[in-house]
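Presented below is the structure to which this report refers.
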Amino acid sequence: MPEGPELHLASLYVNKMCDGVVFSGPVIKSEVSKNPEVAFTCDSFRITATSRGKEVKLTLTPMKSDDDGKRRSKGGQADQHMDIVFRFGMSGYFRFTSEDEVPKHAHLRFYTKEKPRRVLSFVDTRRFGSWQPNGTWQPDRGPCIMFEYKSFRENVLSHLSDRAFDRPICEVLLNQKYFNGIGNYLRAEILYRLNIPPFVCARDALEGLELEDEFEDGKPKGMKREAGDVLRLCHTVPLEVVSLGGKGYDPEKMDYSAFEAWLRCYYVDGMKSVRDHNGRTMWFKGDPGPMAPKGWSKRKLPKKKNPHIQKKSFQREEKLKRPRKKHRRVKPSQVHVKRKIAASKLLQVNTWDYVTFKNALFFL
DNA sequence: CGTCCACGTCTAC
DNA sequence: TAGACCTGGACGG
């Protein structure tokens with residue numbers, strides 16, 4: 001499931017499924033999970049969810065007790081609400097089912113009050129996910145790329161002197177201190193859209209971007225749909241996945257084909273891939289950029305298919321038949337404006353190629 | 001059967 | 001900069 005869009009879709013799922021549902025009793029943890037017990041029990045409570053970047057927060061809210069209008073706390077009854085903050089690891093998701101349809105690997109379960117009972121489960125096959133009772137958003141994670149765009153942007157641009165930005169842009173995009181919500185498929189899709197070589201220095205790619213995103217309030221007339229710089233795409237590309245609905249990257253789901261068709265680069269036939277310095281596979285097209293790991297050209301094109309990503313050939317063909325967008329080249333006259341401003345404008349140009357990119361760096 | 005790979009953190013040498 | 005943490009699907013022999 002899990003990059004920013006999937007976490008957000010999970011929160012929407014919980015709110016939709018649990019709307020008006022009354023839960024009861026203790027919260028049950030599987031034997032095998034090493035995560036903490038959730039010491040919460042209540043005769044009647046509700047569950048709501050919110051997301052921020054790559055985290056989801058469940059809020060358990062006791063319903064008002066009718067006992068003389070007084071709050072009770074006897075028998076371990078909760079009278080306070082409780083927040084539980086989840087991270088999904090590689091395989092986490094929520095599911096709301098009948099009691100006998102609880103999925104395998106449901107490691108934390110919330111039971112409804114009615115009979116027959118239903119269950120909200122946190123399912124996590126690989127158990128890399130975690131939860132924290134009475135938790136808060138992890139303090140070292142930056143603002144949400146989707147729902148805190150302005151502060152996300154400010155957080156990046158005001159910390160470009162941080163050594164973290166010495167690294168290749170593709171690796172920095174996975175740094176949750178600055179890009180809370182970006183994961184492996186999103187970084188590939190974002191850099192691909194702008195033709196930014198993945199192993200170009202992050203600071204070089206980000207320096208000179210304006211603090212104010214000029215595309216923020218509606219697009220200037222005549223602007224293409226995808227217009228925007230890298231930071232804006234870190235916002236809009238994940239939102240595209242949210243708008244696909246369904247569950248994004250979840251192969252078990254019926255509407256997964258919509259997500260497959262949406263991918264333009266990640267695991268797409270004909271694209272290149274390299275292991276980055278952290279051993280994660282970076283998918284891209286064209287030049288890898290100056291900071292590519294040594295020996296990248298020996299990259300193996302995967303002979304094996306990703307079990308999760310198997311594009312049906314008819315879908316591929318459909319995609320190829322789509323009219324290709326005309327790639328507008330930047331006219332040379334546009335290129336010799338001034339310094340950082342020139343570069344920043346260039347960085348906001350919709351269609352990138354490496355020549356454009358190098359020109360931009362040159363004028364810095 | 002065995003090897004490789006997967007949407008992500010973590011912490012330890 | 002390695003590993004550790006896990007399960008399970010695809011593919012190779």
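Treat the numbers as computed from the prediction; the structure is a model and nothing was measured. Sequence lines set the chain letters: A, B, ... in the order given, protein chains first and strands last, and positions in each chain run from 1.
- Dashed line: the shortest gap from a side-chain N or O of A/Lys104 to OP1 or OP2 of C/dG8 is under 4.0 Å.
- Between A/Asp229 and A/Arg232 no salt bridge is recorded (no basic side-chain N to carboxylate O distance below 4.0 Å).
- Regarding A/Asp276, its CG atom lies at a distance of 13 Å from the C1' atom of B/dG8, rounded to whole Å.
- When the P atom of B/dG8 is taken as reference, atom OH of A/Tyr93 falls 17 Å away, rounded to whole Å.
- Atom CE of A/Met271 and atom OG of A/Ser273 lie 11.5 Å apart (nearest 0.5 Å).
- B/dT9 atom P lies 12 Å from atom CG of A/Asp140, rounded to whole Å.
- A continuous path of Ile, Leu, Val, Met, Phe, Trp and Tyr side chains, each step under 4.5 Å between heavy atoms, connects A/Val27 with A/Val21, placing both in one hydrophobic cluster.
- If you take OH of A/Tyr256 and P of B/dC7, they are 11 Å apart, rounded to a whole angstrom.
- The same atom, P, is picked in B/dC5 and in C/dG13; the two are 15 Å apart, to the nearest Å.
- For A/Arg141, the listed nucleotide lying nearest its side chain is B/dT9; candidates were C/dG8, B/dT9, B/dA6.
- Look at A/Arg127 and you'll find a side-chain N or O under 4.0 angstrom from OP1 or OP2 of C/dT7.
- Taking the C1' atoms as reference points, B/dC13 lies 13 Å from C/dA4, given to the whole Å.
- Across all strands shown, C/dA10 forms a Watson-Crick or G-U wobble pair with B/dT3, both key distances being under 3.5 Å.
- Minimum atom distance to the side chain of A/Thr125 is reached by C/dG8, of the listed B/dC10, B/dT9, C/dG8.
- Dashed line: the shortest gap from a side-chain N or O of A/Gln138 to OP1 or OP2 of B/dC10 is under 4.0 Å.
- Not one side-chain nitrogen or oxygen of A/His277 sits closer than 4.0 Å to the OP1 or OP2 atom of C/dA2.
- Applying the 4.0 Å criterion to OP1 and OP2 of B/dG8, one finds that A/Gln176 has every side-chain N and O outside that range.
- Distance A/His8 NE2 to B/dC7 C1': 17 Å, rounded to the nearest Å.
- Residue A/Ser91 places none of its side-chain N or O atoms closer than 4.0 Å to OP1 or OP2 of B/dC7.
- Atom CE in A/Met146 sits roughly 18 Å away from atom P in B/dC7 (whole-Å rounding).
- Note: A/Phe94 and A/Phe110 fail the aromatic proximity criterion, with ring centroids not under 6.0 Å apart.
- Taking side-chain N and O atoms only, A/Arg280 has a distance below 4.0 Å to OP1 or OP2 of B/dC7.
- Rounding to whole angstrom units, CZ of residue A/Arg275 and P of C/dT1 are separated by 16 Å.
- With B/dC7, C/dT1, B/dT9 as the choices, the nucleotide that has an atom nearest any side-chain atom of A/Arg167 turns out to be C/dT1.
- With the nearest nucleotide of DNA chain B identified for both A/Arg87 and A/Asn184, A/Asn184 has the one nearer the 5' end.
- Evaluation of A/Phe128 against the base of C/dC5 yields a stacking contact (centre distance < 5.5 Å, interplanar angle < 30°).
- Distances from the side chain of A/Ser130 to the nucleotides B/dC5, B/dC10, B/dT9 place B/dC10 closest.
- Using the six-membered ring where Trp is involved, A/Phe40 and A/Phe45 have ring planes that are perpendicular, over 60° apart on the 30 and 60° scheme.
- Other residues, nucleotides and ligands place more than 12 heavy atoms under 6.0 Å from the NZ atom of A/Lys29.
- To the nearest angstrom, C1' of B/dG8 lies 9 Å from CG of A/Leu174.
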